[in-house]
Amino acid sequence: MAKKEFYPMDFDYDNEGNILIYGKTTSNEKILIIDDSVKPYFYVLENGNKAKEIENIRIKEENKIYRVSKTEIVNKRYYDKEIKAVKVYVDHHRDINHIRKKLRDSDLAETDIRYIKRYLTEKRIDPLVLSEAEGEIIEDTDEGISIQGEVKQKSSEFLKNPRILAFDIEVYGDFSGHQKHKQDPIIMISFKGEEFNKVITWKKINAPYVETVKNEKELLEKFVEVIQKYNPDYITGYFTDGFDFPYIKLRADELDVKMDLGIDKSLLIIKKEKTGFTSAKIKGIPHLDMYRFVSRIMGGGLRIDTFNLNTVAREILGEKKLDFDLGDISEVWDSGDIKELAEYNLRDSDLAYKLCRELLPNLNELSKLVGMPIYDVCRATYGSLVENYLIKKAKDYNEIIPNRPKYDAITERRNETYEGAFVMEPKPGFYDKIVVYDFKSIYPSIIVTKNISPSSLNSSKGNKTPEVEIKGKKRHYYFDTKETFIPKVVKELILKRNDIKKQLKEKKDSALSGRSYALKTVANAIYGYLGFFGSRYHSMECAASITAWARYYIQDVIKKAQKEKFEVIYSDTDSIAIFMNKKTKKESLDFLEKVNKNLPGIMELELENFYDYGLFVSKKGEESSGAKKKYALIDSKGEIKIIGFETVRGDWSLIARETQKKVIEIILKENSFEKALNYARKVIKELNEGRVDMKKLIIRNQLKMDLEKYKQIGPHVAVAKQMRERGVNIREGSMINYIVCSGKGLIRDRSKIPKEARDYDKDYYINNQVIPCVEKIFEIKRYTKQDLLSKEQSKLGDF
DNA sequence: GAGCATCGGGG
DNA sequence: GTGTACGATGCTC
């Protein structure tokens, strides 16, 4: 018998029903544990009378016999009710799907828990954290050690300084027209690890980190060699699930190169999902495609509307890709001068590497918290995070987890609607002295405080909700006050996070902030899970009651504020912005305290910030009503918060976006509409005089379908046609850049490829780009379009 | 405005 | 098959 401490990194199971755990020992060896100690099972919701009958189930299918190995009558809880159930064991996990056919669907539970999840839950093992294997050593070589035995969790500590290896490929071709993977070769691959920079290519260049090989085939062979030699704990990249790995696989198959990257020398696996998306898996080495994690899970918290590497790296790391036009990649390659390309290639790996290092604490903590392998967490949806967490917690509470809904139920649920959050229409204006409050974790707090869950929903007793609207019908619901599974779980998450936040106040720590992030993410996702059509605990009544309570409490604060003569400017979901007028900071803090004294349970209103100035504009086309979710604020440190303005959107010309941003800045920082007006006039004047840099006039639009299919010819479609005439390969998805030039007739007839544009249509850029971006702001002080167009300088102007 | 289709990331 | 994306956006009718 041997004992080994190790970190479990990746999980799998074999045909015999053994769980396979790939990990790394505390002495940095690779380890494989083969564990057959967890027997698969499911539940039949039945009081035990039929246990014997169930035990005798035999199913013969295609020469195979599936049988129940054992049944037990157990005391469990189901939707918080004490019940007796039959626990049905089978020999192999896959047998469950055969056995269940003999039983009524409505009597089944936990037939759809994945085997790895069952194993982790039964053993109370969290992925990635220090564990101990005990058993027989069945292999011990330089490559690593294999143990057949059992696993126990030892602590909550993660592998320190994991070896991360990032990579990125470059492909020859013009990227227009349809994909031609069979012909376009991979010309370059870069790697980034710890103190490890490498570019492999098959053309000679002089750079310290470049290795030149003979051809593409050798490049791919080298790719495998580098990975094997570096021996990473994680492989990472950006969109490597969707592009790099699938493309490598394709070329490797074509050139007869074995992608035996797995720890057991197994081949790279490319899984195709029904929707066309792919995932790349390597046995034993978790592959983390940072794009998938960022776009699905992290994305919500970022203020970006596209998840390309450049934008994401800028937002998370404050770093950018190198400026290199990939449209020229084939010319550059053919010219032989590929140094710049190599640098570009290496930078992309570098960014992916840094993103992985930066976000690994979040991935680690989520993986540990919800009990899901890190590979899956990286590709998870909020729904699966919550589901995995609830399955894990169900063990502690002796709860049986209901099965997932069937297709018909999902279809029906998809059509249900309920009333969401309260958003107040702001009174357009420029305000000074603003205080913003927000409810701390409003939805989780309501779930806990009002004990909202499917099992506490009662038709006549308990806490009565405010009026709830589902599918247009209004009524009240009641929730029992006796604490149930879901509110308990949410409360635990909130309390744990409060504790972590206290610790974080004392010292900054990336592992702790990862933990706080994980707790917050799962807690916040539970409300959505109750309303989600694919949920095991779907309840429109619950989801709608939660939003109804949130509307009630936020409106209650608004009323109380108004009663105390505070002027409420704006409110959205959980936050409320107040114009303090003659009130002092102290008075607004006193008000906050008073509100909190009257809030029930764990509900809490917090001070978000004091702001010196704020800008709220009116809706398009209307002057009197304010635009929701569109405002700008500045705090005493001069930090500006711009929400919802076009400033950040890519489909406006730079001149329009820049002008808007600058106008907002001048107003907030210098508190002067006059100055801002003069700035806008200056821009308009420059436009009029033809002095604006053509680069700032480029408008970008994407072709959303094949060029031939368009019936409505917009400017970008017209320009796309011109580009095609010039021999540029245009296809759906192509980004079309254009400039609207001067002349008569339709806009589309005057739109040109930027390189060919000699002048621009002044009126168009003034009236259709710049003015629409700023006129709503100036409307606040009753300045009109005419004021913007007037050539006269404003009295106080200093331009 | 419903209903349907496609996109996203990458090169 | 161990279970499978999904939410947003834009086009057509």
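Side-chain atoms are counted along with the backbone in the values below, which use heavy atoms only and exclude waters and symmetry mates. All figures in this text were calculated on a predicted structure; none of them were measured in a lab. By convention in this document, chain letters (A, B, ...) are assigned in the order of the sequence lines, proteins followed by strands, and residues within each chain are numbered from 1.
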Quiz item: In whole Å, what is the span from the NZ atom of A/K271 to the P atom of C/dT4?
Solution: 13 Å

Quiz item: Which listed nucleotide (B/dG10, B/dG11, B/dG8) is nearest to the side chain of A/L309?
Solution: B/dG10

Quiz item: What integer distance in Å separates A/K272:NZ from C/dG3:C1'?
Solution: 19 Å

Quiz prompt | Spacing between A/F307 atom CZ and B/dG8 atom P, to the nearest angstrom | solution = 14 Å

Self-check item: Heavy-atom neighbours of A/K101 NZ exceed 12 at 6.0 Å
Solution: yes

Practice problem: Just call it for A/D95: base, sugar-phosphate, or nothing, with non-hydrogen atoms closer than 4.0 Å on any strand. | Solution: nothing

Quiz item: Base, sugar-phosphate, or nothing for A/S384, non-hydrogen atoms under 4.0 angstrom?
Solution: nothing

Quiz item: Where the side chain of A/Y13 is concerned, which of C/dT4, C/dA5, C/dT2 is the nearest nucleotide?
Solution: C/dT2

Practice problem: Taking only the side-chain heavy atoms of A/D168 (C-beta and beyond), determine which of C/dA5, C/dG3, B/dG10 contains the nearest atom. | Solution: B/dG10

Quiz item: Between C/dT2, C/dT4, B/dG11, which nucleotide has the shortest distance from any of its atoms to the side chain of A/R114?
Solution: C/dT2

Quiz item: Which nucleotide, C/dT2, B/dG11, B/dG8, lies nearest any side-chain atom of A/F243?
Solution: B/dG11

Exercise. Could you tell me the separation between the CG atom of A/D376 and the C1' atom of C/dT2, rounded to a whole number of Å?
Key: 11 Å

Quiz item: For the pair made of CZ in A/R379 and P in C/dC6, what is the distance, rounded to whole Å?
Solution: 15 Å

Practice problem: Quote, to the nearest angstrom, the P distance that separates B/dG10 from C/dG3. | Solution: 33 Å

Quiz item: Does A/F293 have A/R379 sitting over its ring (NZ/CZ under 6.0 Å from centre, angle to axis within 45°)?
Solution: no

Quiz item: At under 4.0 Å between heavy atoms, what does A/K117 touch on the DNA or RNA strands: base, sugar-phosphate, or nothing?
Solution: nothing

Self-check item: A/K39 to A/Y89, cation-pi by 6.0 Å centre distance and 45° axis angle
Solution: no

Quiz item: In whole angstrom, what separates A/I189's CD1 from B/dG11's P?
Solution: 13 Å

Exercise. Write down the distance between CD1 (A/I187) and C1' (B/dG11), rounded to a whole number of angstrom.
Key: 9 Å

Self-check item: A/Y115 and A/H92 aromatic ring geometry - parallel, tilted or perpendicular at 30°/60° bounds
Solution: tilted

Quiz item: Which part of the nucleic acid does A/I169 contact within heavy-atom distance under 4.0 Å: base, sugar-phosphate only, or nothing?
Solution: sugar-phosphate

Exercise. On the 0 to 90° scale, with breaks at 30° and 60°, tag the A/Y43-A/Y41 ring pair as parallel, tilted or perpendicular.
Key: perpendicular

Self-check item: Length of the CG-C1' vector between A/N345 and B/dG10, whole Å
Solution: 12 Å

Quiz item: Which nucleotide in the set C/dA5, B/dG10, B/dG11 lies at the smallest distance from any side-chain heavy atom of A/R296?
Solution: C/dA5

Quiz item: A/D244 near the nucleic acid: base, sugar-phosphate alone, or nothing, with a heavy-atom cut-off under 4.0 Å?
Solution: nothing

Quiz prompt | Closest to the A/F532 side chain, choosing from C/dC6, B/dG10, C/dT2 | solution = C/dC6

Quiz item: For A/D323, does the CG atom sit with more than 12 other heavy atoms under 6.0 Å from it, leaving out its own atoms?
Solution: no

Quiz item: For A/Y382, which contact category applies under a 4.0 Å heavy-atom criterion: base, sugar-phosphate, or nothing?
Solution: nothing

